[in-house]
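First up is the structure itself, then whatever we jot down about it.
Computed over heavy atoms, backbone and side chain alike; hydrogens, waters and symmetry mates excluded. Note that this is a predicted model, so its numbers are computed, not measured. Both ligands and their constituent atoms are indexed starting at 1 by order of listing.
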Amino acid sequence: MTTTPVDFATHAQALDEADPLRDFPGRFLGSDDPEIVAYLDGNSLGRPVKASADRLANFVTEMWGGRLIRGWDEQWFDLPVTIGERIGTAVLGAAPGQTTIGDSTTVLLYKIARGALALRQGRTEIVLDRDNFPTDRYLLEAIAGELGLTLRWIEPEFTGGVTAQDVAAVVSERTALVVLSHVAYRSGYLLDAQAICAVTHDAGALLLLDLCHSAGAVEIELDSWAVDFAVGCTYKYLNGGPGAPAFAYVRAEHLADFTQPIWGWMGRESPFEMAQGYVPAEGIRRVISGTPAIIGMLPIQDMLDLIEEAGMPAVREKSVALTEFALELVQEWLVPLGVTVSSPTDSARRGGHVTIDHPEFRDVTARLWQRGIIPDFRRPHGIRIGLSPLSTTYAEVLAGVAAIRDELGKH
Ligand SMILES: *Cc1c(COP(=O)(O)O)cnc(C)c1O
């Protein structure tokens, strides 16, 4: 049976009408902007929640302008840990006291990786993979250089990612730390974190997960999976805005012995005593270094309001349905034009985005942006269709894939 484009349009409309989360897209800024036909890059930069505009304006006039330095005592000092705790509870499957925000993902990855390695002194190897995000690879190269450690590289398949068997094949009594992305930024592969954690622990090593492409898109259970450490962005599926501070998770059992290498005054016990000598603060505050970016962390709270209201199981369900619909359209319209699918076809192993490849996609992406169809391009020649579950409609997916088909047909 062949399906006509008209059927797909009707289907998209029916999916949007039946969507239990259909009220959410309208709560994001830009959702009624006619120039943005389809925003398909929520996995790089989430849209602003409408409530964030007022929150930011009020902060400047009421809090910063009105409370001035008193704001630190009244609210700001605790904010990184308060927001961290909400991220932990609503998104990470982490009990309170293990999550904070601050710095960028890059800086937190460095701090947490160094802190983790200090807990496995005498071991000489770090396990990582060739398909991880550049920052993760570069940082670990730098750390290996600093500490004289060896990097053990896994080479995942182009359309897949790192499996528990891949990890089992390279870990040993020499492994100190395994660093992997929960969802691969390019292929969208969702790794089996629990199985990989078990394999890592069997070798006596520690696991640091990068959650940039999974937090807010897939269900995460850091506590029950026994993950040791995690870091992740808040400006992707957590809609914190460009450069919003990242989050870090340190498992409770490691906290007492954990020290990170950037010894700033804000991560010291009793920082306002200005005392001699660094003593790490109790608990997760020890991950903090200097004065945290308070303004930058405000909008995350509005997205957390939405995620808490919807619940991560419903968010994930919508995410899977969106990527399934995208793949259905790709199969019907783009595969006949020579497009290949570079993401897992099994939704259980796929995160919140779908990557497709075609030699012309660099040019096609530039033309799509001019038309208000906004996915992103990833080399060598991939378009990533990023489907932020709470802000994306099925109609946008339809418009986006149809536009790719039209642009490919022109040349
Ligand atoms: C987006 C992303 C980063 C970004 O790090 P920044 O310090 O925020 O630039 C890091 N790792 C992964 C896997 C990402 O997807």
Side-chain angles (χ1 to χ4, degrees), residues 40-47 80 83-84 87 91-92 100-114 116 126-143 153-154 156 160-162 177-191 193 196 207-218 220 222 227 229-249 260 262 287-290 292-293 296-297 299-300 303 319 342-343 350-355 375-379 382 384-388:
L40 306 175
D41 206 9
N43 59 321
S44 280
L45 178 66
R47 286 176 185 264
I83 297 178
I87 295 175
V91 180
L92 307 181
T100 187
I101 55 175
D103 307 312
S104 62
T105 301
T106 300
V107 171
L108 278 183
L109 262 169
Y110 180 79
K111 288 162 69 171
I112 300 293
R114 284 290 304 262
I126 302 172
V127 169
L128 71 171
D129 77 284
R130 288 280 175 206
D131 214 20
N132 206 342
F133 193 80
T135 228
D136 304 57
R137 290 181 275 117
Y138 303 158
L139 277 174
L140 294 170
E141 285 170 355
I143 290 173
W153 294 92
I154 293 169
V162 178
L177 182 65
V178 175
V179 183
L180 299 169
S181 279
H182 188 209
V183 169
Y185 82 99
R186 194 189 48 76
S187 72
Y189 182 85
L190 168 62
L191 57 69
I196 286 176
L207 177 64
L208 165 52
L209 275 188
D210 183 330
L211 304 176
C212 281
H213 267 83
S214 59
V218 307
I220 300 172
L222 293 181
V227 172
F229 305 99
V231 296
C233 292
T234 59
Y235 55 79
K236 292 174 178 168
Y237 295 110
L238 297 181
N239 302 57
F247 64 83
Y249 164 91
Q260 48 85 10
I262 314 291
V287 171
I288 295 171
S289 294
M297 64 184 68
I300 305 168
M303 187 58 174
S319 170
S342 308
S343 292
R350 189 173 65 235
H353 68 278
V354 166
T355 303
D376 73 8
F377 176 78
R378 279 294 173 268
R379 54 171 306 286
R384 289 191 311 176
I385 304 173
L387 303 168
S388 191

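For the pair I143/R114, a side-chain contact is recorded, criterion being any heavy-atom separation below 4.5 Å from C-beta on. Using a 4.5 Å heavy-atom threshold, the side chains of S187 and T355 count as separate. Residues L128 and L180 fail the side-chain proximity criterion, which asks for heavy atoms closer than 4.5 Å. Two residues are said to be in side-chain contact when any heavy atoms from C-beta on lie closer than 4.5 Å; Q260 and I112 fail this criterion. Annotation: side chain of M303 is not in contact with side chain of Y237 (no heavy-atom distance under 4.5 Å). Between Y189 and L191, some side-chain heavy-atom pair lies under the 4.5 Å cut-off. Put simply, the side chain of S319 does not reach to within 4.5 Å of the side chain of H353, judged on heavy atoms.
Atoms of ligand 1 lying under 4.0 Å from any heavy atom of H213, numbered from 1 in the order shown and given with element: 15 (O). Residue-ligand proximity, T135 to ligand 1, at heavy-atom distances under 4.0 Å covers atoms 10 (C). Close approach of ligand 1 to C212 (heavy-atom distance below 4.0 Å) involves ligand atoms 2 (C), 3 (C), 10 (C), 11 (N), 12 (C), 13 (C), 14 (C), 15 (O). Atoms of ligand 1 lying under 4.0 Å from any heavy atom of S104, numbered from 1 in the order shown and given with element: 7 (O). Annotation for ligand 1: atoms under 4.0 Å from non-hydrogen atoms of S181 are 13 (C).
Here C233 has side-chain heavy atoms under 4.0 Å from ligand 1, and that is the only part of it that gets that close.
Around atom 8 (O) of ligand 1, the closest heavy atom drawn from Y235, Y185, F133 belongs to Y235.
Note: an N/O pair closer than 3.5 Å links D136 and ligand 1 by distance alone.
Atom 13 (C) of ligand 1 has its closest protein heavy atom at D210 OD2, 3.2 Å. When hydrogens are left out, the protein atom nearest atom 5 (O) of ligand 1 is T105 CB, 3.5 Å; that is the closest non-hydrogen contact. Scanning the protein for heavy atoms near atom 7 (O) of ligand 1, the closest one is T106 OG1, 2.5 Å. Residue, atom and distance of the protein heavy atom nearest to atom 14 (C) of ligand 1 are K236 NZ, 2.8 Å.
Remark: K236 fails to qualify as a cation-pi partner of F247 under the 6.0 Å distance and 45° angle criteria applied to the six-membered ring.
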